[in-house]
Asks: 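Once you've had a glance at the structure underneath, I'll fire off some questions.
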Amino acid sequence: MTNRSRSLILATTALATALTLAACSSSTGDQAGGEGGGEQGGTLTFALANDPLVFNPSATGNGNDTWNVTRQIYDSLVHLNADTGELEPWLATGWEINPNATEFTFTLRDDVTFSDGSALTADTVVANFEDIKAAGAASSSVADLRDYAGAEAVDEHTVVIRFSQPNAVFLTSAAGVPLAIVSEKSLEIPYAERASGDNVAGSGPFTLAGYTKDSQVSLKRREGYSWAPPSFENTGDAHFDTIEFKIVPESGNRTGGLSSGQIDVAGGISPNDIDSVEASDSIVSRANPGTVFGIYFNYKQPEIQDEKVRQAVGLAVDATEIRDGALNDKFNVATSPLSSTTKDYADVSADIAKHDPDAARRLLDEAGWVEGPDGVRTRDGQRLEFRITYINNFGPNPDSIALLQEQLRAVGIGSTQISGTVPEFQSNLASGEYEVAWRNLSRVDGDVLRADFTDVGSASNWPIPDPDLEAKLNAQVAIGDQSERTRALEEIQREIVSKSYFIPVHELTTVFGVSDDIEGIALGADSRLDLLVDAQKTS
């Protein structure tokens with residue numbers, strides 16, 4: 001690798017224990033196959049925070065680091081361009097949607113092959129969707145096929161996907177890894193036996209070459225790949241021979257490995273490390289689409305049902321102070337319940353309550369909450385005290401909650417923290433023994449609001465007790481006209497914040513550190529690692 005004169009951020013002893021890394025070789029000078037090819041060769045070394053665990057794209061258990069890996073192995077019918085927000089061809093060269101968004105007709109490429117040598121046909125796509133539906137709860141993708149009514153191969157390269165109810169979000173979902181297409185031979189393997197990925201063939205630019213749990217994942221370049229989406233500079237073979245994903249749980253070790261030149265890309269850069277990484281390398285970052293970090297109310301608690309209390313919370317919160325105190329300006333202050341990278345996001349900041357503690361105190365007075373001797377308000381002998389539950393998987397969360405507690409205390413609302421792992425958080429939610437939850441939910445489409453805030457047919461923990469809003473949330477998914485649906489979702493976003501149903505605070509941002517001699521690392525529309533066909537070494 002290129003020698004770099006740098007001071008290590010952390011001692012390399014711990015890093016050497018965590019990593020067994022191969023140095024990047026120089027390019028071989030061979031030309032990449034397919035349109036837009038370039039010089040090939042070498043190994044890209046990428047540090048992940050978490051073991052991918054599951055290599056079957058549609059299975060449950062997939063997470064951010066899983067998708068960083070599996071995106072390289074499996075292609076999707078369409079690609080959502082992160083820069084334009086527009087859908088573009090991938091395995092499908094074109095598509096048609098009927099007026100009520102219940103029927104989607106795809107025309108497939110006729111030159112796509114899977115790594116097991118089989119060809120992509122309409123029958124392949126039908127088999128994939130039938131397989132997901134049959135897997136039921138074992139598949140995380142089954143939620144994307146709500147009201148799925150079947151698929152039909154019209155001819156060898158034309159397939160129709162049908163739904164019994166309108167599903168305007170389906171096309172966006174089809175761009176994600178969970179609905180990526182695998183070969184028909186792969187589908188012959190029992191669903192539960194595909195997790196390891198060594199028996200699942202994709203059509204992507206890389207194949208799985210090796211996996212050691214909690215250590216590393218090795219990918220090998222496929223020869224003859226020539227169907228990357230048109231927005232990529234290189235639509236042919238990837239430049240790198242191999243991708244080595246190293247599992248490095250400690251953020252400091254990932255950052256130290258990048259600084260020392262032992263790794264090329266470090267995922268999950270801590271907010272505290274961004275400045276030091278930028279001083280010597282590059283940062284690639286993108287706000288995660290979906291709902292932002294903010295205050296989710298448990299409407300089963302009587303004090304939360306009082307709109308004046310919720311309004312007071314909104315007025316008590318200073319989102320900028322929380323962002324600046326716990327994070328940095330790579331994380332945007334929220335301007336909507338949706339992140340700015342979400343499809344059909346609207347800036348509704350004018351409708352979000354502005355920080356005004358005096359107004360918050362007046363509302364709590366009007367609601368009958370009287371300040372007690374210790375500053376916490378009471379009514380009829382009951383203290384106004386919130387239990388705030390959150391997940392401990394994002395480092396800044398405790399600092400954000402501590403600042404939120406100070407702001408609530410300033411208007412007379414006491415609070416306690418309830419933190420834990422994802423399963424513990426889910427258990428807390430199921431118990432109902434909390435007033436406020438702090439979290440976000442990453443999804444590409446604005447339909448994430450329906451997942452979070454509706455009641456009927458939803459697994460939401462925070463259904464908003466507003467029948468009119470409930471109807472609007474369920475109606476937007478049936479709007480086939482895109483401009484009309486965008487307007488409907490904007491109205492929903494305004495209503496959620498103007499009525500203090502949810503208090504948005506800050507966006508979540510995915511941050512990668514990238515060596516200064518590597519280019520072509522990009523985050524996709526889902527803010528996970530995009531296809532690595534453009535990635536290459538520059539020196």
Side-chain angles (χ1 to χ4, degrees), residues 56-59 62 67 70-82 84-98 101-115 118-133 135 139-163 167-184 186-187 200-205 225-232 235 343 443-445 447 480 482 524-526 528 530-531 533:
N56 178 0
S58 67
N62 287 300
W67 289 320
T70 52
R71 177 75 291 171
Q72 315 313 317
I73 304 172
Y74 308 108
D75 295 331
S76 298
L77 289 171
V78 294
H79 180 258
L80 185 59
N81 188 306
T84 66
E86 299 297 323
L87 288 156
E88 58 186 21
W90 197 349
L91 295 181
T93 59
W95 52 89
E96 295 179 359
I97 310 172
N98 70 345
T102 58
E103 189 172 289
F104 299 78
T105 303
F106 296 94
T107 302
L108 306 177
R109 293 184 66 121
D110 60 7
D111 59 348
V112 174
T113 60
F114 295 92
S115 59
S118 61
L120 171 72
T121 68
D123 287 333
T124 311
V125 177
V126 171
N128 270 261
F129 283 99
E130 293 294 327
D131 179 75
I132 291 170
K133 189 66 175 178
S139 171
S140 62
S141 307
V142 75
D144 295 319
L145 297 185
R146 179 184 178 184
D147 300 316
Y148 173 74
E152 176 189 359
V154 177
D155 57 41
E156 188 176 9
H157 296 107
T158 307
V159 61
V160 181
I161 311 296
R162 296 188 175 94
F163 296 87
N167 189 350
V169 73
F170 169 67
L171 202 56
T172 303
S173 300
V177 178
L179 290 182
I181 305 299
V182 304
S183 75
E184 288 181 77
S186 301
L187 301 178
V200 183
S203 62
Y225 183 83
S226 60
W227 45 83
S231 57
F232 287 85
T235 58
K343 189 173 183 295
R443 295 285 188 276
V444 172
D445 194 274
D447 186 56
Q482 181 54 56
D526 58 2
R528 280 89 177 186
D530 213 339
L531 211 60
V533 292

Asks: Using 0.5 Å steps for rounding, measure from the CG atom of Leu87 to the CG atom of Asn81.
Replies: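 Rounded to the nearest 0.5 Å, the CG-CG separation comes to 9.5 Å.
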
Asks: Just by modelled atom types, is the Ala201 backbone N or O under 3.5 Å from a matching donor or acceptor in the Ser186 side chain?
Replies: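 Checking the backbone N and O of Ala201 against the side chain of Ser186, a donor-acceptor pair under 3.5 Å is found.
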
Asks: What distance separates Thr93 OG1 from Leu77 CG, expressed to the nearest 0.5 Å?
Replies: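 It is 11.0 Å, given to the nearest 0.5 Å.
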
Asks: Does any N or O in the side chain of Thr121 come within less than 3.5 Å of the main-chain N or O of Glu156, such that one atom is a donor and the other an acceptor?
Replies: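 Side chain of Thr121 to backbone of Glu156, a donor-acceptor pair under 3.5 Å: no, none is there.
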
Asks: Quick one: are Phe106 and Leu91 in side-chain contact, heavy atoms under 4.5 Å?
Replies: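 Sidechains of Leu91 and Phe106: no contact.
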
Asks: Hey, are the side chains of Pro205 and Leu531 touching, using non-hydrogen atoms and a 4.5 Å cut-off?
Replies: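 Pro205 reaches Leu531 side chain to side chain.
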
Asks: For the side chain to side chain contact (heavy atoms under 4.5 Å, CB included) test, which of Val182, Val126, Leu187 pairs with Asp131?
Replies: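 Single pass found, and it is Leu187.
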
Asks: Could you tell me the separation between the CG atom of Asp445 and the CG atom of Asp144, rounded to the nearest 0.5 Å?
Replies: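 Result: 10.5 Å between the selected atoms.
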
Asks: Using 30° and 60° as the class boundaries, would you call the ring planes of Phe104 and Phe170 parallel, tilted or perpendicular?
Replies: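 Ring orientation, 0 to 90° scale: perpendicular.
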
Asks: Going through the distances and angles, do Val154 and Val160 end up as a side chain to side chain contact (heavy atoms under 4.5 Å, CB included)?
Replies: CA-CA 7 Å; Val154 177; Val160 181; 3.5 Å; yes

Asks: Mind checking whether Tyr148 and Ile132 have side chains closer than 4.5 Å, heavy atoms only?
Replies: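 No, too far: nothing below the 4.5 Å cut-off.
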
Asks: Using only atom types and a distance under 3.5 Å, with no angle test, would you say the side chain of Ser139 pairs donor to acceptor with the backbone of Ser58?
Replies: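 Side chain of Ser139 to backbone of Ser58: a pair is present.
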
Asks: I need the Leu179 CG to Ile181 CD1 distance, nearest 0.5 Å.
Replies: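 Result: 7.5 Å between the selected atoms.
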
Asks: With a 4.5 Å limit on heavy-atom distance, are the side chains of Leu120 and Val125 in contact?
Replies: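 Answer yes - side chains close enough.
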
Asks: Does a side chain donor of either Trp67 or Asp526 reach within less than 3.5 Å of an acceptor in the other side chain?
Replies: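 Judged by distance alone, the side chains do not pair up.
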
Asks: If you compare all heavy atoms of Ser141 against all heavy atoms of Pro57, which two are closest, and at what distance to 0.1 Å?
Replies: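 Result for this residue pair: OG-O, 4.5 Å.
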
Asks: Would you say Leu80 and Thr172 make side-chain contact, with heavy atoms under 4.5 Å?
Replies: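 With C-beta onward as the side chain, the pair touches.
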
Asks: State, to 0.1 Å, how close Arg71 and Ala180 come at their nearest heavy-atom pair, and which atoms those are.
Replies: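 Heavy atoms only, the tightest pair is NH2-CB, 4.2 Å.
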
Asks: Consider only side-chain N and O atoms of Thr158 and Asp155, and report whether a donor and an acceptor are under 3.5 Å apart.
Replies: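 Looking only at side-chain atoms, Asp155 and Thr158 do form a donor-acceptor pair, the distance falling under 3.5 Å.
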
Asks: Is it the case that the side chain of Ser76 and the backbone of Gly176 share a donor-acceptor pair, with hydrogens and angles ignored and the cut-off at 3.5 Å?
Replies: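 The answer is yes, because a donor-acceptor pair under 3.5 Å joins these two groups.
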
Asks: Mind checking whether Tyr225 and Val533 have side chains closer than 4.5 Å, heavy atoms only?
Replies: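 In contact.
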
Asks: I'd like to know if the side chain of Ser173 reaches the main chain of Val169, judged simply by a donor and an acceptor atom lying under 3.5 Å from each other, with no hydrogens or angles considered.
Replies: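 Side chain of Ser173 to backbone of Val169, a donor-acceptor pair under 3.5 Å: yes, one is there.
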
Asks: Between Glu88 and Ser231, do the side chains contain an N or O donor and an N or O acceptor separated by less than 3.5 Å?
Replies: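 Looking only at side-chain atoms, Ser231 and Glu88 do form a donor-acceptor pair, the distance falling under 3.5 Å.
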
Asks: Indicate the atoms forming the closest heavy-atom contact of Asp111 with Ser226, along with that distance.
Replies: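 That would be OD2-OG, 4.3 Å.
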
Asks: Are any of the side-chain heavy atoms of Glu152 and Val159 separated by less than 4.5 Å?
Replies: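 No, side chains not in contact.
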
Asks: Rounded at 0.5 Å granularity, tell me how far CD in Gln482 sits from CD in Glu86.
Replies: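 That separation rounds to 8.5 Å.
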
Asks: May I ask you to decide if Glu103's main-chain N or O and Asn98's side chain share a donor-acceptor pair within less than 3.5 Å?
Replies: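 Confirmed, Asn98 side chain pairs with Glu103 backbone.
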
Asks: On a heavy-atom basis, which atom in Ala59 and which in Ser140 lie closest, and how many Å separate them?
Replies: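 Smallest heavy-atom distance, with atoms named: O-OG, 3.2 Å.
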
Asks: How many angstroms lie between OH in Tyr74 and OG in Ser115, if you round to the nearest 0.5 Å?
Replies: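 Between atom OH of Tyr74 and atom OG of Ser115 there are 8.0 Å.
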
Asks: Please lay out, stage by stage, how Val112 and Trp90 fare under the test side chain to side chain contact (heavy atoms under 4.5 Å, CB included).
Replies: CA-CA 10 Å; Val112 174; Trp90 197 349; over 6 Å; no

Asks: Side-chain contact, heavy-atom cut-off 4.5 Å: His79 with Pro230?
Replies: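 The answer is no, as the side chains (C-beta and beyond) never meet within the 4.5 Å cut-off.
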
